[in-house]
Amino acid sequence: MSSFLTHHGVVIALVCAAAALVYGAVTSRALLALSPGNERMRSISLAVQEGARAYLNRQYTTIAGVGVVLFIVLIPVQNIRVAIGFAIGGLLSAAAGYIGMNVSVRANARVAESARSGVSRALAVAFRGGAVTGLLVVGLALLGVAGYYGVLTAIAGESQRHAVDALIGLGFGGSLISVFARLGGGIFTKAADVGADLVGKIEAGIPEDDPRNPAVIADNVGDNVGDCAGMAADLFETYAVTAVAVMLLGVLLFNQQSAVALFPLVLGAVSIVASIIGTFAVRSRAGNVERALYQGLILSGGLAALAFIPVTYWMMRNVTLKTGGAAPHWWKFYLCSLIGIGVTACLFVITDYYTSTRFSPVKKISRASQTGHATNIIQGLAGGAQATAAPAIVIAMGILGSWKLAGGGANGIYGIGVAVMAQLSLTGLIVALDAFGPITDNAGGIAEMADLPQEVRDVTDPLDAVGNTTKAVTKGYAIGSAALAALVLFNAFERELSDRHVSADFSIGNPAVLIGLLVGGMMVYLFASLAIEAVGRAGGAVVEEVRRQFREKPGIMDGTEMPEYGAAVGLVTRAAQREMILPSLIPIVFTFVVGLISVEALGGLLIGVIVVGLFVAISMTAGGGAWDNAKKLIEDGAYGGKGSEAHAASVTGDTVGDPYKDTAGPAINPMIKVANIVALLIIPIIT
């Protein structure tokens, strides 16, 4: 079996990747066969579909222009193999987001219609819509990495080392799409949300998702392009980049290059099977939506943990180090994989605690809202900062445990890589949980705009509340995996330098390293500030547009005139495309320039980006999620309910938290990895 896996690991990975794609196709067909409801529901859903398609078409056109330039640059900097890998990674990442988003925007009306039959039915439809995106992400990522590796080694006759080097380009392509998708989608969704809330809820006093609000369609479009397409691109690149980084470390450290190169691919393959099985466990008979969603994730994680035992035994039990001697015992690598799954579980529990309406942090923000807007903001900022402590400790313990188990030193970093690959084994279901959020949010919006009976909203509202929490916990997972993946990439950067006989001192006592640390930390704050500023400007433009329509069309409020939904969608689309360019170039330009000046400063920059980025991303996403759910807690009747002073303060907090949790915070994940991959790619120039 060991020989079989070593010789046929690529085939196994491709078969399992194909299974994920088949699952997505079959589920999509079954989903789209369901009724999308009455004519009004269909027209609203169609408007959201058209807006989302128009935005993504424009976004990918913009990215394509940047991508063509980088493709050409990569040929002399690296080689044509790396450039082709870059194109493959970009195309597959874009496809995962685009196809998944198209399913999500069609699932929304079907969830609203299914809500007439109760929670269980609506939950099943919403989750299946999210599962299509989730399985597409892992399927296309594994297809790209395993397929290109197989072509390079089996057909082109490249060595494992050269093949893995070419795969770094594939990771860069995925990362480029990710940072643009996360940032552009985040600017779109939060500009529309902020503009709709400020004028609709606060000035006009109309409910959320009221069809009289000219920005309501743009808001619903934003949920999909920001969370569905954005998260899909984010975790596609994390999955692909981590697999490539672990493969690279393996061929640098061990003699059995075929086995260690294929090991992460086979881990990913068996995890896809576990994820597909896990989707069938998501069902609710008692109305407990969160439990239904998480039981699928738990089953998938348990099955993956069991499957890792034979895979690790067969592929890692006889590997030897290039430095001489045997590698750590295979079961230590298996324990590293368990640590990765354990870190994921801990990050889920911690993020849930800091963002769910059931626990103290969110209740504190709601309670603070009673004394005004300022106290709401103060408590929200404090909660976001506090939310960084526990994840940092969990990640640190995970790093230490897997590093020690794998023998410490460079070998220990490979153990960390195995842990991260195991952590990413749950990517399929985690993306499904994230996409579940905007689908249920849109379903509630359609129910409101189509004036469906209250019993439908009584089903969609609880699903939307759970979707808010799942979006928050999946962002916590994405940030944790991004930091660990970046650590593995940084070590690959060190190993590549060593392989080229470049001596570099990355100690804090080196002034060049300290300068790099400062620049890296500055990059994170500059990137986040530009992203938040972009939301503010675009949101302000939406406010003016909504005010204009209310002023020029007074019949909107009494229902005798229709709002111009397309005007708001077009405005936000143009603003998001314009605003996303400058921040997206920060991790590319700064990394390249610093690398030209000093290799040691570049190493410091990467460390600074990883450490500062981790804390800023967690504080923003957790704090923003808590602000959002504090508002929902008050809207459910706490502290005076809707229309109270506490509610007005909570709306302000939620508005401030929107660009934190859905724009700047999540976009830091790909930004961290883009900087690390660019550093790897420019090594031939700077050494």
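We use all heavy atoms of the structure for the numbers below, so side chains are in, but hydrogens, waters and symmetry mates are not.
For the pair Leu514 and Ile508, the minimum side-chain heavy-atom distance is below 4.5 Å. Residues Glu496 and Leu680 are in side-chain contact: their nearest non-hydrogen atoms beyond the backbone lie under 4.5 Å apart. Looking at Ile677 and Val241, their side chains come closer than 4.5 Å, going by heavy atoms from C-beta outward. Residues Thr591 and Leu602 are in side-chain contact: their nearest non-hydrogen atoms beyond the backbone lie under 4.5 Å apart. The closest side-chain heavy-atom distance from Val66 to Phe180 is below 4.5 Å.
With hydrogens and angles disregarded, no donor-acceptor distance shorter than 3.5 Å links the side chain of Ser93 to the backbone of Gly90.
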Fill in: Stepwise side-chain contact (heavy atoms from CB on, under 4.5 Å) check, Ile430 with Asp434
CA-CA 6 Å; Ile430 285 168; Asp434 186 77; 5.8 Å; no
- Task: Begin from the C-alpha positions of Phe590 and Phe527 and carry the test ring pair (Phe, Tyr, Trp, His ring centres under 6.0 Å) through to its verdict.
- Result: CA-CA 11 Å; Phe590 274 87; Phe527 178 88; over 10 Å; no
**Asked** Hey, mind stepping through Leu487 and Ile416 against side-chain contact (heavy atoms from CB on, under 4.5 Å) and telling me if it holds?
**Response** CA-CA 9 Å; Leu487 175 61; Ile416 296 171; 3.9 Å; yes
What's the verdict on ring pair (Phe, Tyr, Trp, His ring centres under 6.0 Å) for Phe86 and Phe71, showing C-alpha distance, side-chain angles and the deciding distance? CA-CA 7 Å; Phe86 169 77; Phe71 177 87; 7.0 Å; no
Residue pair Leu262, Met315: steps toward the side-chain contact (heavy atoms from CB on, under 4.5 Å) verdict: CA-CA 9 Å; Leu262 293 173; Met315 302 194 74; 3.8 Å; yes
task = Using the side-chain contact (heavy atoms from CB on, under 4.5 Å) rule, take Thr238 and Lys673 through it: C-alpha gap first, then chi angles, then the decisive distance, then the call.
result = CA-CA 8 Å; Thr238 299; Lys673 295 190 289 296; 3.1 Å; yes
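Ring-centre distance between Phe263 and Phe333: not below the 6.0 Å cut-off.
The side chain to side chain donor-acceptor pair (under 3.5 Å) with Tyr477 is formed by just one residue from the set Thr344, Thr351, Thr427; it is Thr427.
Residues Tyr414 and Asn491 bring no donor and acceptor atom of their side chains to less than 3.5 Å of each other.
To the nearest 0.5 Å, atoms CD1 (Ile168) and CZ (Arg81) are separated by 11.5 Å.
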